[in-house]
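Just so you know, these numbers come straight off a predicted model, no measurement behind them.
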Amino acid sequence: MIRACRANASDGIFCTVLAQNAVHGAFAGYSGITVGACNTHYAYFPIPEVIAHPKLVDSNSRMWHRCLTSTGQPDFI
């Protein structure tokens with residue numbers, strides 16, 4: 001995940017949980033997977049499925065402008 005602001009405690013915890021789940025997946029014999037949060041659970045996702053459809057960001061959306069504001073980034077678009 002890429003962010004333009006300093007990581008906080010929640011980021012550290014989230015990354016630790018993702019890393020622990022990735023190790024558990026590797027020990028279970030899974031390969032070609034990534035770990036992510038789905039609703040309130042952590043899950044294994046097959047990488048080919050994750051990259052099959054690109055995720056586009058609407059640069060005119062309210063959510064994008066909130067992201068820019070909260071991270072202090074300028075709006076160059």
Side-chain angles (χ1 to χ4, degrees):
M1 187 178 298
I2 299 173
R3 291 176 43 140
C5 61
R6 187 172 294 140
N8 58 28
S10 295
D11 295 329
I13 294 168
F14 183 61
C15 289
T16 300
V17 172
L18 291 178
Q20 288 173 343
N21 281 300
V23 169
H24 285 293
F27 280 148
Y30 293 112
S31 63
I33 56 127
T34 186
V35 180
C38 182
N39 295 328
T40 59
H41 302 284
Y42 295 98
Y44 301 128
F45 300 104
I47 291 176
E49 286 293 320
V50 172
I51 64 173
H53 306 287
K55 308 326 185 249
L56 302 176
V57 175
D58 180 7
S59 60
N60 294 319
S61 70
R62 181 179 292 175
M63 183 61 75
W64 176 246
H65 288 287
R66 286 178 181 162
C67 177
L68 292 178
T69 301
S70 67
T71 57
Q73 299 180 67
D75 187 4
F76 290 123
I77 298 176

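For the residue pair Pro48 and Gly32, the shortest heavy atom distance occurs at CD-O, 4.1 Å. The shortest non-hydrogen separation linking Phe45 to Cys38 is CZ-CB, 3.8 Å. Residue Trp64 comes nearest to Ser59 through the heavy atom pair CD1-O, 3.4 Å, listed as atom of the first residue, atom of the second, then distance.
Inter-residue side-chain proximity for Tyr42 and Leu18 is flagged as met; some heavy-atom pair is nearer than 4.5 Å. Counting heavy atoms from C-beta outward, Val35 and Tyr44 have side chains that approach closer than 4.5 Å.
No path of Ile, Leu, Val, Met, Phe, Trp and Tyr side chains, each step under 4.5 Å between heavy atoms, connects Leu68 with Met63, placing them in separate hydrophobic clusters. One hydrophobic cluster, built from ILVMFWY side chains closer than 4.5 Å, cannot hold both Phe14 and Val50; they sit in different ones.
Using modelled atom types, one side-chain atom of Asp58 and one backbone atom of Asn60 make a donor-acceptor pair closer than 3.5 Å.
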